[in-house]
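See below for the structure under consideration.
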Amino acid sequence: MKIIETVEEMRHFIKQAKKEGKSIALVPTMGSLHEGHLTLMRQAKQACDIVVVSIFVNPTQFGPNEDFAKYPRDLTGDSQAAASAGVEVIFHPQAKEMYPAGYASFIEIEGITEKLCGLSRPGHFRGVATVVNKLLNIVQPDKAFFGQKDAQQVLVLQRMVADFNMNVSLEVVPIVREADGLAMSSRNAFLSAEERQAGLILSRSLKVAEELVAQGEYHIEKIRSEVIAKIQTEKLAECDYVEIFNYPALQEISVLQDKALLALAVRIGKTRLIDNTILEVK
Ligand code: AMP
């Protein structure tokens, strides 16, 4: 497995692979790889001849008071994990390779970025769309793999790819969870043992909503308030947002029709965790 740090070398590798008729998958990540990331990589390997994983903690998607500096980084462990998943290349640029002096171009997606994480993390999706656009231009993959863990991110990127007529297929992989239900996340590494236990409140509160819907409760405010009440039973948890919007348009609704996204952002101590589920009328 190769580790490539420059755009020029990455382009050279891709040019050669394409000359050989190989199909290419890209899995964008911020590293500190876990089983969620590895699932994306394995699916990418099944779909394409060559898998490129980018590992880049993208400064433009972090707000000034967020955890950019202390975001976990572990290139040695990541290299071993990626190699075991059949990855051919890790693309690991430095920030100045991606944003050299004079850099001035950003992508803004309107509408769906104005709620959920877009509201609580101003500028976040501008940074995400910009870096993913750059990675797609550099790697020119046939397919790019993303996790439903970041459900809003998937919708934003689908909008970008459609609006800019980008020639790539976005593949979405379901949320990978620990055995006890906690959605896997690089940020779980920040949790103490007590906080790790408290973090279970996210998936448990999603279950509350799923059960209500299964029993025929379709009133959004009722479902939402039950979810909030469940989260409030955990003393270490503090809600950032609990929202339900229709899916995939992300518009406000008062009664569940067809599909809705229930999305949570909850602080456990200093760590902000997100999780989501699709509520569906059966
Ligand atoms: P990150 O490194 O957190 O930016 O994540 C890189 C990619 O992995 C994104 O497309 C995420 O949605 C995806 N991902 C992260 N955690 C999970 C998970 N638990 N299940 C599925 N996909 C995930």
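Note that ligands are numbered from 1 as they come in the structure, with each ligand's atoms numbered from 1 the same way.
- In this structure, Tyr99 and Phe56 have tilted ring planes: the angle between them lies in the 30° to 60° band.
- A 6.0 Å sphere centred on CD of Glu194 holds no more than 12 heavy atoms belonging to other residues, nucleotides or ligands.
- Under the ring-ring contact (aromatic ring centres under 6.0 Å, His included) criterion, His124 pairs with no residue, sequence neighbours left out.
- Residue pairs satisfying the salt bridge (Lys or Arg N to Asp or Glu O under 4.0 Å) criterion with at least one member in residues 245-269, sequence neighbours excluded, are absent.
- Every residue two or more places apart in sequence or in another chain that forms a side-chain hydrogen bond (donor to acceptor under 3.5 Å, both in side chains) with Lys22 is listed here: Glu20.
- Among protein residues, Pro28, Thr29, Met30, His34, Gly36, His37, Leu40, Tyr71, Phe146, Gly147, Lys149, Asp150, Gln153, Pro174, Ile175, Val176, Met184 come within 4.0 Å of ligand 1, judged on heavy atoms.
- For CD of Glu280, the number of neighbouring non-hydrogen atoms (other residues, nucleotides, ligands) closer than 6.0 Å is greater than 12.
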